[in-house]
Amino acid sequence: FLVVIAATLYFTFTSAKVYEATGTIIIESKGSMERTLFNLNYMGNQTTLITNQVEFSPLCMDPLDNGTFDQLQRLGIQPMAWSPLAGGRLFTGTDEQSLRVRKSLEEISLQLGDISIDQLALAWILNHPVKINPVLGSGKIERIKAGVEAINLKLSLEQWFSVWCA
């Protein structure tokens with residue numbers, strides 16, 4: 001697994017192949033460019049999907065429900081997750097979902113020996129079988145260290161699903 005540390009991505013290489021990050025999809029382009037994952041099926045050999053960067057966290061699970069992760073897994077492509085800590089809502093959110101998810105993460109923290117909430121949230125993302133790469137936009141060294149430590153943290157299926165169901 002790889003933890004990507006960046007706020008935004010934009011790559012341009014001057015070789016024969018040009019790679020660009022446009023919107024949320026990084027593609028290799030030989031002509032026209034499509035920006036939605038599902039429309040890439042219609043572009044034939046003009047486009048090669050390298051990754052798809054989506055919002056994903058224990059508080060935003062849309063890619064689990066809308067088929068994005070299913071298609072990426074079928075294609076053998078590792079997605080990138082921006083806002084893996086839900087913009088801080090995991091720590092400060094007062095809405096019902098934030099409170100339920102934080103309680104679930106706190107219970108797992110006690111089971112695993114007082115692991116931090118941010119580390120558990122990143123481990124939860126990294127434990128998904130599509131092999132998601134979280135994008136950390138934080139300048140806080142402790143968040144980056146937690147991201148690195150989360151790589152080796154394994155959650156049981158019961159622990160993973162307790163966060164998903166929260």
Side-chain angles (χ1 to χ4, degrees), residues 1-12 19-27 37 49-166:
F1 295 108
L2 170 68
V3 177
V4 179
I5 303 167
T8 32
L9 294 174
Y10 183 81
F11 302 108
T12 302
Y19 292 88
E20 297 179 60
T22 328
T24 60
I25 298 176
I26 299 176
I27 63 171
L37 179 62
L49 184 64
I50 297 169
T51 190
N52 186 12
Q53 189 178 110
V54 297
E55 181 177 6
F56 183 66
S57 73
L59 295 178
C60 180
M61 300 185 205
D62 294 344
L64 291 174
D65 298 325
N66 66 17
T68 299
F69 285 167
D70 294 335
Q71 184 173 18
L72 291 171
Q73 190 166 21
R74 218 173 14 259
L75 296 171
I77 296 167
Q78 289 182 271
M80 298 168 67
W82 62 271
S83 196
L85 302 176
R89 275 184 52 219
L90 276 175
F91 315 107
T92 61
T94 56
D95 58 285
E96 287 184 36
Q97 182 191 21
S98 296
L99 296 173
R100 285 192 316 269
V101 169
R102 189 165 47 246
K103 181 180 179 194
S104 177
L105 290 169
E106 288 168 349
E107 290 170 359
I108 296 168
S109 171
L110 293 174
Q111 294 169 11
L112 297 178
D114 204 26
I115 306 295
S116 68
I117 298 297
D118 55 340
Q119 189 176 353
L120 281 172
L122 293 169
W124 182 81
I125 291 169
L126 290 166
N127 276 256
H128 189 278
V130 77
K131 300 180 181 174
I132 303 159
N133 295 310
V135 178
L136 301 177
S138 178
K140 296 180 180 179
I141 192 71
E142 57 272 3
R143 292 268 189 267
I144 295 168
K145 285 180 181 178
V148 172
E149 293 169 4
I151 293 170
N152 296 316
L153 186 58
K154 301 297 178 210
L155 302 179
S156 70
L157 287 177
E158 182 178 285
Q159 291 165 333
W160 195 93
F161 280 101
S162 74
V163 174
W164 182 60
C165 291

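Here the structure is a predicted model, which means the values were calculated and not measured.
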Output yes when a side-chain donor or acceptor of [X] lies under 3.5 Å from a complementary backbone atom of [Y], and no otherwise.
{"X": "Gln159", "Y": "Ile108", "answer": "no"}
{"X": "Arg102", "Y": "Ile117", "answer": "no"}
{"X": "Ser162", "Y": "Ser104", "answer": "no"}

Can you give me the closest heavy-atom contact between [X] and [Y], atom names plus distance?
{"X": "Val163", "Y": "Met61", "result": "O-CE, 3.9 Å"}
{"X": "Trp124", "Y": "Leu64", "result": "CH2-CD1, 4.4 Å"}
{"X": "Asn127", "Y": "Leu155", "result": "OD1-N, 3.2 Å"}
{"X": "Glu142", "Y": "Asp118", "result": "O-OD2, 4.4 Å"}
{"X": "Gln97", "Y": "Leu59", "result": "NE2-O, 3.3 Å"}
{"X": "Leu122", "Y": "Gly147", "result": "CD1-CA, 3.5 Å"}

Enter the distance from [X]:[atom1] to [Y]:[atom2] here, rounded to the nearest 0.5 Å.
{"X": "Thr51", "Y": "Gln78", "atom1": "OG1", "atom2": "CD", "value": "7.5 Å"}
{"X": "Glu107", "Y": "Leu120", "atom1": "CD", "atom2": "CG", "value": "11.5 Å"}
{"X": "Ile115", "Y": "Leu110", "atom1": "CD1", "atom2": "CG", "value": "10.5 Å"}
{"X": "Phe69", "Y": "Asp62", "atom1": "CZ", "atom2": "CG", "value": "10.0 Å"}
{"X": "Ile151", "Y": "Gln119", "atom1": "CD1", "atom2": "CD", "value": "10.5 Å"}
{"X": "Ile132", "Y": "Gln73", "atom1": "CD1", "atom2": "CD", "value": "9.5 Å"}

query = Is the number of heavy atoms from other residues, nucleotides or ligands within 6.0 Å of CG (Leu157) greater than 12?
reply =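 It does not: Leu157 CG has 12 such atoms or fewer within range.
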ask   = Do Ser57 and Ser83 have a side chain donor and acceptor closer than 3.5 Å?
value =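 No - no donor-acceptor pair under 3.5 Å links their side chains.
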request  = Kindly determine whether Glu149 and Leu153 satisfy side-chain contact (heavy atoms from CB on, under 4.5 Å), including the steps that lead there.
outcome  = CA-CA 7 Å; Glu149 293 169 4; Leu153 186 58; over 6 Å; no
Could you check whether any side-chain heavy atom of [X] comes within less than 4.5 Å of a side-chain heavy atom of [Y], counting everything from C-beta outward?
{"X": "Leu136", "Y": "Arg143", "value": "no"}
{"X": "Arg89", "Y": "Val101", "value": "no"}
{"X": "Thr94", "Y": "Ser98", "value": "no"}

